[in-house]
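For the single chain, residues carry numbers from 1 onward in sequence order.
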Amino acid sequence: MNPEIEKRRTFAIVSHPDAGKTTITEKFLWYGNVIREAGHVRAKANRSYTVSDWMKIEQQRGISVSSSVLNFPFEGCMFNLVDTPGHQDFCEDTYRALTAVDAALVLIDSVNGVEKQTIRLMNVCRMRHTPIITFINKMDLDGRHVLDLLDQIENVLHIKTAPFTLPIGVGKLLKGVYSIAENTFHTFNPDDGKQEIIQMTGPDDPRLVELCGENWVNQFKEEYEMVTGGMDPFDHERFLKGEMCPVFFGSAVNNFGVRQLLNAFAKLAPPPMVRNTDKRDVKPDEDAFSAFVFKIQANMDPKHRDRTAFLRICSGSFTRGEKVFHVRTGREIRLAAPTAFLAKDKEVIDHAWAGDIVGINDPGLFRIGDTLTDGEKMSFTGIPDFAPEHFARVTLLNPLKSKQLTKGLAELSEEGATQLYEPLKSAIPVVGVVGELQFDVLKFRLQSEYGADVQLDRVPAHGIRWVKGPEADVGKFADEYAMDCMMDKERNLVCLFPNEYRLNLAMKNFENLTFAETSQG
Ligand code: G4P
């Protein structure tokens with residue numbers, strides 16, 4: 001494989017809010033020499049934890065931009081870290097981010113153990129067979145027992161664990177972690193932050209007792225026996241299939257165990273992997289360039305009303321200014337100023353390789369899932385589509401801003417967070433979202449970015465269906481169900497069924513039609 005491609009590591013962090021994602025990201029950037037001082041990037045960017053947090057993020061746009069994707073070098077590797085919001089109302093964003101990566105870091109808080117949101121996200125990783133590395137954070141707190149945590153990962157997240165390190169001591173009395181493979185002891189000293197790595201002969205090395213005390217060492221030895229004797233040894237093949245995960249223990253805020261974790265990513269996580277398209281599999285080191293859009297973000301820089309499309313490059317490389325083929329529209333386009341994201345700044349890059357995530361300016365051309373190639377007509381598959389579950393009518397409160405509202409609704413729906421519908425019998429647009437918090441974000445962003453003050457009135461609905469079938473039948477259905485019918489942005493007919501009864505009746509009366517739950521279905 002081309003060495004430039006081989007050194008790429010592209011991953012996302014999967015975690016519950018508050019597990020320490022922001023903190024660990026800072027440390028990564030610090031190791032990558034991207035920020036001078038850990039603690040420098042202090043925004044909970046893109047965390048989307050609560051609406052008020054989101055609004056704060058809005059005010060600090062510069063930082064949230066950078067955190068969508070971060071590129072940093074470490075130990076000869078080039079890392080692309082894709083940010084994922086922890087809150088479940090924004091899970092679509094996370095699902096999409098997971099389509100763009102080759103591995104994931106699952107971050108678990110030692111006190112709370114595996115949390116609900118992590119379970120959901122882990123299901124997506126499993127579906128995609130994403131290789132996982134687990135970091136159990138906050139070991140400086142009195143958390144759960146080590147074996148309980150491992151047990152929970154295995155039983156709740158359904159993945160075999162292979163601990164690479166084990167802690168000695170716990171909470172305030174944490175003495176350090178022992179590396180099973182290397183037989184080294186990594187000392188923890190929260191007071192002066194000094195860390196030492198000491199070579200040991202094995203878990204019976206008398207120096208361990210000197211450093212940690214007999215009781216802690218005895219407990220550790222029991223755990224060591226259980227782990228090395230009773231659990232399957234690490235198997236790289238199983239790791240690559242997403243069936244087994246290396247586990248590390250540490251404390252992000254104390255910068256303890258973070259370097260070992262990054263080393264593991266460099267050594268164990270795969271370089272860019274083969275990707276599927278509707279025509280054939282694409283290997284990363286093919287000469288021909290190919291990429292897909294997995295995220296679109298509008299108005300990242302409020303001073304220049306812009307839109308950025310985030311590309312995952314799947315094969316080959318491209319040079320700034322090169323022309324590429326936009327498969328959906330059949331047009332050739334020039335990628336004028338691709339950007340990489342380094343902490344607070346974004347910078348224009350001249351060259352990018354398979355595995356890289358780059359941002360490109362989007363003049364309104366791109367949609368999530370779009371494929372770009374050197375000319376070949378193929379489309380990457382596996383970018384999920386989500387059926388919205390909550391709906392609202394959008395009424396404009398300051399009527400002079402109707403143009404802005406139209407623009408805002410269109411642009412924000414192109415980002416993929418909300419879907420926009422045009423009812424057949426009303427001029428008032430309807431929006432649909434997967435998570436309710438997105439309504440608040442939509443209202444806020446329409447106001448702050450487009451100056452459109454809106455009221456969102458909920459439309460109670462059982463579910464939305466894409467109505468497909470012979471044209472005549474679709475037309476007849478649209479007449480009969482006109483009050484509940486709308487057009488989506490591709491001008492497909494959808495019906496918002498108010499209750500299950502109406503849906504069942506429609507399915508019975510229109511046997512030639514299908515009522516799909518997503519636009520792709
Ligand atoms: P998130 O992005 O996953 O939501 O989590 P974030 O990094 O913001 O961390 C959540 C809280 O947990 C922060 O405290 C952070 O300092 C703390 N934290 C992170 N890693 C560790 C660790 O290893 N040990 C301990 N004890 N705490 C840790 P906060 O009080 O919410 O914020 P701040 O005042 O520290 O900024």
Side-chain angles (χ1 to χ4, degrees), residues 1-10 29 32-34 61-62 65-74 76-83 97 100-102 271-272 275 282-301 303-380 414:
M1 193 184 276
N2 178 316
E4 278 299 335
I5 297 177
E6 204 168 0
K7 72 182 193 188
R8 260 59 192 176
R9 299 286 181 279
T10 304
L29 295 180
N33 274 329
V34 176
R61 267 305 187 146
V65 172
S66 57
S67 295
S68 300
V69 178
L70 293 163
N71 310 101
F72 61 94
F74 178 76
C77 284
M78 193 64 208
F79 284 84
N80 289 271
L81 169 57
V82 183
D83 190 32
V101 299
D102 300 306
R275 298 259 159 182
V282 173
K283 296 194 195 72
D285 55 353
E286 289 178 15
D287 285 340
F289 164 83
S290 67
F292 68 88
V293 176
F294 70 95
K295 180 183 170 91
I296 291 176
Q297 201 167 333
N299 306 333
M300 296 209 316
D301 180 353
K303 278 181 251 137
H304 312 100
R305 296 207 141 261
D306 63 345
R307 256 163 55 123
T308 300
F310 291 87
L311 292 184
R312 152 78 199 218
I313 303 179
C314 300
S315 66
S317 69
F318 84 94
T319 305
R320 179 180 171 189
E322 241 170 37
K323 280 190 177 162
V324 296
F325 179 64
H326 184 236
V327 176
R328 184 172 49 80
T329 57
R331 277 166 62 178
E332 267 214 333
I333 52 166
R334 192 184 294 280
L335 300 184
T339 44
F341 299 87
L342 287 163
K344 266 197 196 156
D345 312 308
K346 51 180 189 170
E347 62 174 39
V348 175
I349 48 168
D350 293 323
H351 212 77
W353 296 90
D356 279 340
I357 307 276
V358 293
I360 51 172
N361 179 45
D362 175 16
L365 179 72
F366 296 112
R367 295 210 194 122
I368 290 164
D370 278 1
T371 297
L372 300 175
T373 67
D374 265 1
E376 192 172 344
K377 283 188 186 150
M378 60 179 180
S379 293
F380 285 98
E414 279 158 15

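Between Phe318 and Phe289, the two ring planes are perpendicular [angle over 60°; tilted spans 30° to 60°].
Two residues are said to be in side-chain contact when any heavy atoms from C-beta on lie closer than 4.5 Å; Pro271 and Arg9 meet this criterion. Taking the side chain as every heavy atom from C-beta outward, Arg312 and Arg275 approach each other to under 4.5 Å. Residues Val82 and Lys295 are not in side-chain contact: their nearest non-hydrogen atoms beyond the backbone lie 4.5 Å or more apart.
Put simply, CD1 on Ile357 and CZ on Phe310 are 9.5 Å apart, with the number rounded to the nearest 0.5 Å. Of the inter-residue distances, the one linking Phe325 atom CZ with Ile333 atom CD1 reads 10.5 Å to the nearest 0.5 angstrom. From Lys7, atom NZ reaches atom CE of Met1 across 14.0 Å, with rounding to the nearest 0.5 Å. Atom CZ of Phe366 is separated from atom CD1 of Ile296 by 8.0 Å, given to the nearest 0.5 angstrom. Within the model, atoms CG of Asp362 and CZ of Arg367 stand 10.5 Å from one another, a figure rounded to the nearest 0.5 Å. The distance from the OG1 atom of Thr308 to the CG atom of Asn361 is 6.5 Å, given to the nearest 0.5 Å.
Taking both residues in full, the closest heavy atoms of Met378 and Thr371 are given as O-CG2, 3.3 Å, listed atom of the first, atom of the second, then distance. Of all heavy-atom pairs spanning Asn2 and Asp285, the tightest one is N-CB, 4.4 Å. Between Pro272 and Ala354, the shortest heavy-atom contact is CG-O, 3.4 Å. For the residue pair Trp353 and Ile5, the shortest heavy atom distance occurs at CE3-CG1, 3.9 Å. What you find for Leu365 and Asp370 is that their closest heavy atoms are O-OD2, 3.9 Å. Counting all heavy atoms, side chain and backbone alike, Cys314 lies closest to Phe380 at CB-CZ, 3.6 Å.
Heavy-atom neighbours of Arg331 CZ from other residues, nucleotides or ligands within 6.0 Å: at or below the threshold of 12.
Evaluation of the salt bridge (charged side-chain N to carboxylate O under 4.0 Å, His left out) test over residues 371-380, restricted to residues two or more places apart or in two chains, returns Arg280-Glu376.
In this structure a side-chain-to-backbone donor-acceptor pair under 3.5 Å is missing from Thr10 to Asp102.
In this model, a donor atom of one side chain and an acceptor atom of the other lie less than 3.5 Å apart for Asn80 and Asp356.
Residues passing the side-chain hydrogen bond (donor to acceptor under 3.5 Å, both in side chains) test with Thr329 are His326, sequence neighbours excluded.
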